[in-house]
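Shown next, in structure tokens, is the structure this report addresses.
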Amino acid sequence: MSIAKTYSPKEAENKWYSHWKENGFFRSVPDGREPYTIVMPPPNVTGVLHMGHMLNNTIQDVLIRKARMQGKNACWVPGTDHASIATEAKVVAMLKEKGINKKDISREEFLNYAWEWKEKYGGIILKQLEKLGASCDWERTKFTMDPDLSEAVLDTFIKWHEKGYIYRGVRMVNWDPQGKTALSDEEVIRKEVNQKLYYIRYQIKDSSEYIVIATTRPETIMADSAICINPNDERYAHLKGKTVLVPIINREIPVIFDGYVEMDFGTGCLKVTPAHDLNDYELGQKHNLPVIDILNDDGTLNEKAEIFIGEDRFIARKKVAKQLEEIGQLEKVEDYVSQVGFSERTDAAIEPKLSMQWWLKMEKLSKPALDYVQDGTINLIPDKFFTSYKHWMENVKDWCISRQLWWGQRIPAWYNDRNEWVISKTEEGAKEAFAKEGKSAEGLRQEDDVLDTWFSSALWPMSVFDGVRNPDNAEFQYYYPTNDLVTAPEILFFWVARMIIAGHDYTQKPPFRNVYLTGIVRDKQGRKMSKSLGNSPDPIELMEQYGTDGVRVGMLLSSPAGNDLMFDVSYCEQGRNFANKVWNAFRLVKGWETTDSPATDAQKLAANWFENRFNQALVEIEDHFAHYRLSDALMATYKLIWDDFCAWYLELVKPAYQAPIERETLDTVKRLFERVLTLAHPFMPFLTEELWHDELFGERTAEDCIIVASYPEMGAIDETIIKEFATVQQIISEVRNIRNSKGISPKIGLPLAINATHINFERYSESIVKLANIEELTFVKEKISGAVSFLAGKDECYVALENNIDIDAERERITKEIAYLQGFLISVDKKLGNERFMQNAKPEVVENEQNKKSDAIAKLQILEDSLASLG
RNA sequence: GGAGAAUUAGCUCAGCUGGUUCAGAGCACCUGCCUUACAAGCAGGGGGUCACUGGUUCGAACCCAGUAUUCUCCACCA
């Protein structure tokens, strides 16, 4: 036979992906069918595929392929995100390597480089998605900085500004001194850091007395505006109305009193630094303290600091501490662990900083977004995320939406030379706006502010269908709201919540119905996969090694819904093995010659059984899908194919070596094989398509592809045949077990006698004989003595071995089984004898117990007889 | 500091809202097989006081309380 023994995925993958694409199977346009829409979470435009993408997009592809096969108009919209700060950081780094400093070039020049960079790397990740089989409608590919999407962003800004949601103001922001931009709270990662707590002496004016304050940031003493003490703190009551001198610079600051200060933390005295701490800022507002900002945008000290001007804040910290020590004003230094915020993108320590920024008022906007999830209009899967979603929604603060970057949508604010401003999409509009307000448009300019990336992402499910600018367009009407969103829980607030907010504000509808939150991909030790740890396998390499289908199966097998997954390549191995199993089932069937004789009864019965098993499995699989338990759905498919189809059905109908198979039976096998393939297609698209087109299954046109074939529909289930066959399987296993434990070769046929009192096994005779290798099958009404016996269901079977029947072993085995059943009977009797059980338990439970009892008694009777007959 | 989740076989997890002697699956493991689709395989098998302690109930892996361990998210204590 010329067919390879193992499946080689490579060829099939290249061939079928382009075939699908060329035949437009990924394409979706509105029509009369029910739409099924997924909008892909856009990866960073310059990113490369990592395991998280692999998982995420595999799930989406499984869902979309299944929906497509189920006759829905499946539309999966791909795209990329401009990722403002992340991409800008990459471009800055690239320029630096070229010897170009961002400071030295103009905005236009910089953007030219950035676009160049985007053109060069922007397509990579999407190409990689093709490799994993992603059946996106590539004609719909969008980029968050496409002109139409950018316009939607500006429109939204203008709309929300007009509605009064967007305002401009000086607030404490999270300042990233490396990216030199403000950040939203969500972009700040808090980490525990080992720090030092410095105890610093401040001299009380006109006194030799000192008070001591504890701080982790001695470099900010030059920005101090006051010392604050709890009014109930008797230790310091005498300081009322006094002033103290800031060490080194000897600036005079007041002592104030406020209940905010904890008496038992540190020394009970707090230095108030309104410019560099949020709480201090609020305290300063309350007590009318001056704000002294001693830091530049890049984290170095400015002239207001008076000393160490130009030094980085961390170097200044050490120098200030050293100088304090030298002048005897550093009392002590303690080790101290506290939380410090870091920039999510640049990892720089965040500096709280007063800054003029643009803000989005969240309170009103977020309310309906909470309601959607609360009332089930949107399902979070798993729903354990609801509590934190709710908490975030109810405590959400205004969102700082401006970033001091170049890469992104520029804030449509225009300023004149008096720093008055108007909002307008265009320069012309700005001039008109100024004129309308009777203000001069002299010196018209924009500032270097762009909008937070997540502002554009929030519009994504709408803007990909042009629903922001043109909400009445047919596509938007058809596809929106979308169905499922598949994303990582990490961006629930960053993104998901904001999409719901924007979606509702525009359409009064949710942007999607279900949010499937995948787990985080971790390594075997449970560590998050990351570049710096180097513990993340390259998905592309994995696909090379195990085949795309193998990796897809591996990802899903290891991925319980909503829980993190401990990734291990052995799962990919399992996936590859599974693909190979299917391949070999195909090889088997492919090799059969046919004869014209009609199918035998046994063959028909086998097919009948398998079809019922198939329908049963289908119900289970649908249920798993309905609950987004994809790994369970896959496992049910896996077992149906491996166990039921291959190990039982194919073995049952398999002809003897080199013997032909009845044509009618082969046709049935092929039909069932096709059904099995359609079931597996969403998980293993390439292998199933490859087999689908083999001539074994007849002529197919280029359009007759499994990707658009019908997914199996549920059918009736005959429980009786499934139950009976389970007993048949048990008989076969028992015989094999006897053979195995006695060391008898599978090649030697054994005699089997069945005392069939409950099930008519005669119609299964051929199957039993074949799979258990029975030399002679007889049906008896009497016990056969001297044979190995076992119970199959409630019927006893006997295998008479020619010699060496180990009577003692038999006796022991039967005695054990009797003991088990007796124990079982006692526990059942206990229940049935319990009045309260009889009263309280549901009738069907009681009836069930009674059945258990009679079954057990019947079985015991048989076993006791067997034991007696052993002598 | 607040909130949430988890703890079931060597590993990863099911156990669908208390009822078969309820303890399951896949992988791994052990034994025997190169049986003419597949050794990436076939047949068989051994593994668990359901974290701990109490409580509720006729009945608990499942419900409640507490304890321990682990993880995640949120939070401005210098």
Side-chain angles (χ1 to χ4, degrees), chain A residues 1 3 5-7 172 190 197 213-217 228 260-262 265-267 269-273 277-282 336 338-339 341 352 382 384-388 391-392 395 489-490 492-493 520 524 526 546 550 557-560 562-566 568 570-571 573-574 576-591 623 627 629 631-632 635-636 638-639 646-647 650-651 654 656-658 733 736-741 743 745-747 820-821 823-828 830-831 834-842 844-846 848-849 851-852 855-856:
Chain A
M1 200 189 291
I3 307 171
K5 260 174 113 168
T6 51
Y7 168 57
M172 265 295 175
R190 287 182 193 279
L197 193 57
I213 58 98
T215 180
T216 54
R217 305 199 55 193
C228 189
Y260 166 75
V261 179
E262 302 281 339
F265 184 88
T267 60
C269 300
L270 173 72
K271 69 193 230 12
V272 185
T273 318
D277 183 281
L278 179 60
N279 297 302
D280 290 12
Y281 175 70
E282 280 162 10
Y336 186 69
S338 74
Q339 301 275 336
K384 67 175 177 187
F385 289 104
F386 174 66
T387 41
S388 55
H391 183 261
W392 189 82
N395 295 281
E490 298 156 299
L492 185 58
F493 311 131
I520 296 165
K524 234 188 151 181
Y546 297 101
L557 280 178
S558 57
S559 143
N563 285 328
D564 291 356
L565 60 104
M566 310 295 162
D568 187 326
S570 69
Y571 285 112
E573 214 169 286
Q574 195 182 346
R576 178 201 61 185
N577 294 355
F578 181 43
N580 197 48
K581 183 72 186 177
V582 178
W583 174 258
N584 274 289
F586 158 76
R587 277 182 71 217
L588 172 69
V589 177
K590 175 94 170 158
D623 185 56
H627 295 94
R629 294 190 295 248
S631 57
D632 294 323
M635 185 44 74
Y638 178 98
K639 285 196 274 193
C646 294
L650 289 183
E651 290 296 336
K654 180 165 136 184
Y657 179 51
Q658 289 190 336
S733 290
R736 286 170 173 173
N737 186 8
I738 289 166
R739 206 191 299 277
N740 235 317
S741 60
S745 159
K747 286 174 188 157
Y820 171 87
L821 275 170
F824 177 71
L825 197 55
I826 287 168
S827 81
V828 174
K830 218 158 116 190
K831 279 189 193 174
N834 185 327
E835 263 177 57
R836 298 223 256 173
F837 172 77
M838 300 301 282
Q839 277 165 13
N840 297 331
K842 283 180 251 167
E844 60 263 34
V845 173
V846 175
N848 195 18
E849 291 299 314
N851 288 339
K852 272 154 62 178
D855 278 8

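Here the structure is a predicted model, which means the values were calculated and not measured. Every chain is numbered from 1 and lettered A, B, ... according to where its sequence line falls, protein lines coming before strand lines.
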### Query
Which part of the nucleic acid does A/Ser733 contact within heavy-atom distance under 4.0 Å: base, sugar-phosphate only, or nothing?
sugar-phosphate

### Query
Who does B/rU21 pair with, Watson-Crick or G-U, both distances under 3.5 Å?
none

### Query
Does A/Arg736 place a side-chain N or O at less than 4.0 Å from the phosphate oxygens OP1/OP2 of B/rG45?
no

### Task
If the glycosidic angle is within 90 degrees of 0 it's syn, otherwise anti, so just tell me which one B/rG44 is.
anti

### Query
When you measure from the side chain of A/Asn584 to the backbone N and O of A/Thr6, does any donor-acceptor pair fall under 3.5 Å?
no

### Message
Looking at B/rG48, which nucleotide sits across from it as a Watson-Crick or G-U wobble partner, both distances under 3.5 angstrom, or is there none?
### Response
none

### Query
Paired with B/rU69 by Watson-Crick or G-U wobble geometry, both distances under 3.5 Å: which nucleotide is it?
B/rA6

### Task
Compare side-chain N and O positions of A/Arg576 against OP1 and OP2 of B/rA40 and report whether any pair is under 4.0 Å apart.
no

### Summary
Closest to the side chain of A/Arg836, out of B/rC77, B/rA37, B/rC58, is B/rC58

### Message
Please classify B/rU49 as syn or anti, treating any glycosidic angle within 90° of 0 as syn.
### Response
syn

### Query
Across all strands shown, which nucleotide pairs with B/rA43 by Watson-Crick or G-U wobble geometry, both distances under 3.5 Å?
B/rU31

### RNA chain B: 5'-proximal contact among A/Lys842 and A/Cys269 (nearest heavy atom)
A/Lys842

### Task
Could you tell me whether A/Glu844 atom CD has more than 12 heavy atoms of other residues or ligands within 6.0 Å of it?
yes

### Query
Checking all strands, does A/Tyr336 fall into the base, sugar-phosphate, or nothing category for heavy-atom contacts under 4.0 angstrom?
sugar-phosphate

### Task
Work out which heavy atom in A/Asn834 is nearest to a heavy atom in A/Arg836; give both atom names and the distance.
OD1-N, 2.8 Å

### Message
What I want to check is whether an N or O donor and acceptor connect the side chain of A/Lys581 with the base of B/rC38 at under 3.5 Å.
### Response
yes

## Note on the structure
Of A/Trp583, A/Phe586, A/Phe578, A/Tyr546, the one forming a ring pair (Phe, Tyr, Trp, His ring centres under 6.0 Å) with A/Tyr7 is A/Trp583

### Query
B/rU49 and B/rG4: how far apart are their P atoms, nearest whole angstrom?
32 Å

### Donor-acceptor pair present, A/Asn834 side chain and B/rC58 base, under 3.5 Å
no

### Task
Report yes if a side-chain nitrogen or oxygen of A/Arg587 is closer than 4.0 Å to either non-bridging phosphate oxygen (OP1 or OP2) of B/rA37; otherwise report no.
no

### Query
Quick one: is B/rU21 close enough that its OP1 or OP2 comes under 4.0 Å of any side-chain N or O from A/Lys831?
yes

List every contact pair, protein side and nucleotides 25-29 of chain B side both N or O, where the distance is under 3.5 Å.
residue	atom	partner	partner atom	Å
B/rA25	O2'	A/Lys639	NZ	3.0
B/rG26	O2'	A/Gln574	NE2	2.5
B/rC27	OP1	A/Tyr638	OH	3.4

#### Entry: Proximal nucleotide (of B/rA40, B/rU12, B/rA5) relative to the A/Asn580 side chain
B/rA40

## Note on the structure
Taking a pair to mean Watson-Crick or G-U wobble geometry with both distances below 3.5 Å, B/rA60 pairs with none

### Task
Among B/rC58, B/rC76, B/rA43, find the nucleotide with the atom closest to the side chain of A/Ala647.
B/rA43

## Note on the structure
As its Watson-Crick or G-U partner within any shown strand, both distances under 3.5 Å, B/rG1 has B/rC74

### Message
With a 4.0 Å cutoff (strictly under), does any side-chain N or O of A/Lys5 reach OP1 or OP2 of B/rA39?
### Response
yes

